[in-house]
2 protein chains.
Amino acid sequence: MSAVPGCVLCEGPGGRLVFEGAKLRVIHAQEAGFPAFYRVVWTAHAPEFSDLDTADRVLCMEAVAVVEQCLREHLQPAKINLAALGNMVAHLHWHVIARFADDSHFPGSVWAGAQRERDAVREAQVAARLPAAEAAMIERLGRMGGQGN
Amino acid sequence: MSAVPGCVLCEGPGGRLVFEGAKLRVIHAQEAGFPAFYRVVWTAHAPEFSDLDTADRVLCMEAVAVVEQCLREHLQPAKINLAALGNMVAHLHWHVIARFADDSHFPGSVWAGAQRERDAVREAQVAARLPAAEAAMIERLGRMGGQGN
């Protein structure tokens, strides 16, 4: 599907671009309180996951798994959260969020209310490890071959 | 991985069982306010999506796509929401939720605060169409072959 006027994910990257392939990109979402919040954005405007054919769904989720694995290896989070909601921006994007036991919302979702104050020192510690995690993402996504890159 | 004592998704179905295959099951989650809330639960105790190998990830997400497609075809929701969070129950389960423009939380996530009152009449209308959606899920998941069923 071609770009849809007014769709923020058709008209711009939607965050700091980490990786851009032929069919998808990875962005750092820059969401306050969640330093390790990434999104895998499908390039074409598809509202729902099942709008993709099987091969594209596999490619998309393998990219999600790569981002997840790199965050796990470099940040040792308490949990990874994955979600494709799209209620406000109905252009397929997967949230991939490394969650920590001391983050402001854990164990609630990032969309629920805060359970404690943010910890700027901890957030900075996480942020300091993102360049290495992103280098690993770029390397592995680039190896996915003629589909992702 | 074998069953983990104390894990509610190792020890029970976690909702009303709709489909049970060799490696995964589909349950109706019975969450108040969201009549079309399903979960694809991986049978083995795996905390994270990337704990599965590629073939199992494909199987898992194809089951998610089947549930999504059946909900779309039978309910015509405003949006499907997909999520694997697991902060409280770290046993891989995918939420597959049909959302409607007039549900209590739309366009917020089901984990955020309510935006309006629940509409019992609308919820009953959605619920009345679930048996047909579930029959379609069972039929298609059963056809996924020697992996899902």
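Both backbone and side-chain heavy atoms feed into the values below; hydrogens, waters and symmetry mates do not. By convention in this document, chain letters (A, B, ...) are assigned in the order of the sequence lines, proteins followed by strands, and residues within each chain are numbered from 1.
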Ordered numerically, the heavy-atom neighbours of chain B under 4.5 Å found in residues 109-130 of chain A are S109(A), W111(A), A112(A)
Name the region of E62(B), side chain, backbone, both or neither, that has any atom closer than 4.5 Å to a heavy atom of chain A.
side chain
Between the side chain of R25(A) and the main-chain N/O of P13(A), is any donor-acceptor distance below 3.5 Å?
yes
Examine distances only and state if a side-chain atom of E48(B) and a backbone atom of I80(A) form a donor-acceptor pair shorter than 3.5 Å.
yes
Check residues 64-71 of chain A and write down every donor-acceptor pair under 3.5 Å in which the side-chain atom is one partner and the other belongs to a residue at least two apart or another chain.
| residue | atom | partner | partner atom | Å |
| --- | --- | --- | --- | --- |
| E68(A) | OE2 | F49(B) | N | 3.4 |
| E68(A) | OE2 | S50(B) | N | 2.7 |
| E68(A) | OE2 | S50(B) | OG | 2.5 |

Between G108(B), A83(B), A90(B), which shows the greatest number of heavy-atom pairs under 4.5 Å with chain A?
A83(B)
Applying side-chain hydrogen bond (donor to acceptor under 3.5 Å, both in side chains), name anything that partners R39(B), two or more places apart in sequence or on another chain.
E31(B), H95(B)
Quick one: which residues of residues 96-107 of chain B reach chain A at under 4.5 angstrom, heavy atoms only?
R99(B), F106(B), P107(B)
Which heavy atom of C60(A) sits nearest to which heavy atom of L24(A), and what is that distance?
CA-CD2, 4.2 Å
Do side-chain atoms of H91(B) reach the backbone of G86(B) as a donor and acceptor pair under 3.5 angstrom?
no
Determine whether a donor-acceptor pair (N or O, by modelled atom type, separation under 3.5 Å) exists between the side chain of D56(A) and the backbone of D53(A).
no
Without swapping roles, check the side chain of E11(B) against the backbone of G6(B) for a donor-acceptor pair under 3.5 Å.
yes
When you measure from the side chain of H93(A) to the backbone N and O of L85(A), does any donor-acceptor pair fall under 3.5 Å?
no
Taking every non-hydrogen atom, the tightest pair across G21(A) and T43(A)
O-OG1, 4.5 Å
